[in-house]
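Just below is one structure, and these are the notes that go with it.
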Amino acid sequence: MLLALLTATALVQDAPTDLVRTFKAGDKSTYVFNSRVQFEYRQVPLETFIPESATYMYTINAAVEKLKPEGVADVRMKRPNISVRTGETFDKPPQTIVLIKDVNHLITLSRKNQILDFEDFTPKPKEKDGG
């Protein structure tokens, strides 16, 4: 009896579920990322490990610019900067370094979050004179 019940239960399966997004024109979102990395290092012949840390931070602003057929959307993603804050060490105070500035991407996304097209509108750095 128990074997028949287990066999019947195993045969009943839920249908697969697709997770999809529903885009709406003009929708805006903000995503904030912060991650702290802590590590230790040493140099020969030192036996003492020196601790160091870094915090990576950025914000992404997303806006749905255009809706297309089948739920596809053009989404503008802007990231003002990526910065890294290094922790205090024995020879320097904490400092923040900006790595990347003014990222501006137009991404075409499907309802399943697949990237269908990608355009980079990030301003190119000005070339320095060679002389």
Side-chain angles (χ1 to χ4, degrees):
M1 176 79 163
L2 181 59
L3 183 58
L5 181 60
L6 290 175
T7 304
T9 305
L11 295 176
V12 177
Q13 296 179 356
D14 292 336
T17 302
D18 282 338
L19 298 177
V20 295
R21 295 177 67 162
T22 303
F23 295 102
K24 295 178 186 165
D27 270 0
K28 295 181 180 182
S29 302
T30 300
Y31 305 95
V32 178
F33 175 84
N34 286 306
S35 179
R36 182 174 180 179
V37 178
Q38 195 158 346
F39 51 94
E40 296 179 339
Y41 65 92
R42 68 178 178 178
Q43 295 175 341
V44 176
L46 293 178
E47 292 184 20
T48 304
F49 283 90
I50 308 296
E52 199 164 317
S53 66
T55 302
Y56 296 83
M57 304 165 283
Y58 63 85
T59 300
I60 294 176
N61 299 305
V64 177
E65 289 191 353
K66 182 179 178 184
L67 296 177
K68 297 182 174 184
E70 299 179 16
V72 173
D74 284 341
V75 180
R76 174 78 55 188
M77 301 262 190
K78 291 186 175 184
R79 185 178 60 218
N81 64 48
I82 293 179
S83 61
V84 178
R85 179 156 180 83
T86 57
E88 179 179 11
T89 64
F90 63 92
D91 62 348
K92 66 180 189 295
Q95 61 184 8
T96 300
I97 303 163
V98 176
L99 298 177
I100 301 172
K101 293 183 181 179
D102 301 324
V103 171
N104 181 354
H105 296 150
L106 183 63
I107 303 172
T108 303
L109 295 171
S110 74
R111 293 187 66 207
K112 292 184 179 183
N113 234 22
Q114 295 168 309
I115 297 175
L116 304 176
D117 193 20
F118 176 89
E119 293 181 69
D120 188 354
F121 292 93
T122 303
K124 303 299 178 220
K126 295 178 183 176
E127 292 185 25
K128 297 178 181 178
D129 289 336

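- In this structure, Val20 is not a member of the same hydrophobic cluster as Ile107, with clusters built from ILVMFWY side-chain heavy atoms closer than 4.5 Å.
- Note that the CD atom of Gln38 and the CD atom of Glu52 stand 10.0 Å from one another [nearest 0.5 Å].
- Under a hydrophobic-cluster definition in which Ile, Leu, Val, Met, Phe, Trp and Tyr are linked whenever side-chain heavy atoms come within less than 4.5 Å, directly or via other members, Phe121 and Ile60 are assigned to different clusters.
- Remark: the backbone N or O of Asn104 is paired with a side-chain donor or acceptor of Thr122 at under 3.5 angstrom.
- By the 4.5 Å heavy-atom criterion applied to side chains, Ile100 and Arg79 are counted as neighbours.
- Inter-residue side-chain proximity for Lys28 and Asn61 is flagged as unmet; no heavy-atom pair is nearer than 4.5 Å.
- Closest approach of Thr55 and Arg36 over heavy atoms only: OG1-CG, 3.8 Å.
- Judged by distance alone, the side chain of Arg21 and the main-chain N or O of Arg111 form no donor-acceptor pair under 3.5 Å.
- Tyr58 is connected to Val84 through a chain of hydrophobic side-chain contacts under 4.5 Å among Ile, Leu, Val, Met, Phe, Trp and Tyr, so both are in one cluster.
- Interatomic distance, OG1 of Thr108 versus CG of Leu116, reported as 6.5 Å (0.5 Å rounding).
- Counting non-hydrogen atoms of neighbouring residues, nucleotides and ligands closer than 6.0 angstrom, the NZ atom of Lys126 reaches no more than 12 such neighbours.
- Considering all non-hydrogen atoms of both residues, Val72 and Ser110 come closest at CG2-CA, 4.3 Å.
- The minimum heavy-atom distance linking Gly71 with Phe23 is given by the pair O-CD1, 3.4 Å.
- One hydrophobic cluster, built from ILVMFWY side chains closer than 4.5 Å, holds both Val103 and Ile97.
- Side-chain heavy atoms closer than 4.5 Å link hydrophobic residues (I, L, V, M, F, W, Y) into clusters, and following such links, even through other members, never connects Leu106 to Leu67.
- Considering all non-hydrogen atoms of both residues, Ala73 and Val64 come closest at CB-CG1, 4.1 Å.
- Rounding to the nearest 0.5 Å gives a distance of 7.5 Å between OH of Tyr56 and CG of Leu99.
- In this structure, CZ in Arg85 is found 4.0 Å from OG1 in Thr96, a value given to the nearest 0.5 Å.
- Ala62 and Val75 get closest at one heavy-atom pair: CB-CG1, 4.1 Å.
- Considering every non-hydrogen atom in both Arg42 and Leu46, the closest pair reads CD-O, 3.6 Å.
- Considering NZ of Lys101 and OG of Ser83, their distance stands at 11.0 Å, rounded to 0.5 Å.
- Note that CD1 of Ile115 is 6.5 Å distant from CG of Leu109, once rounded to the nearest 0.5 Å.
- Within a 6.0 Å radius of CD in Glu40, more than 12 heavy atoms belonging to other residues, nucleotides or ligands are found.
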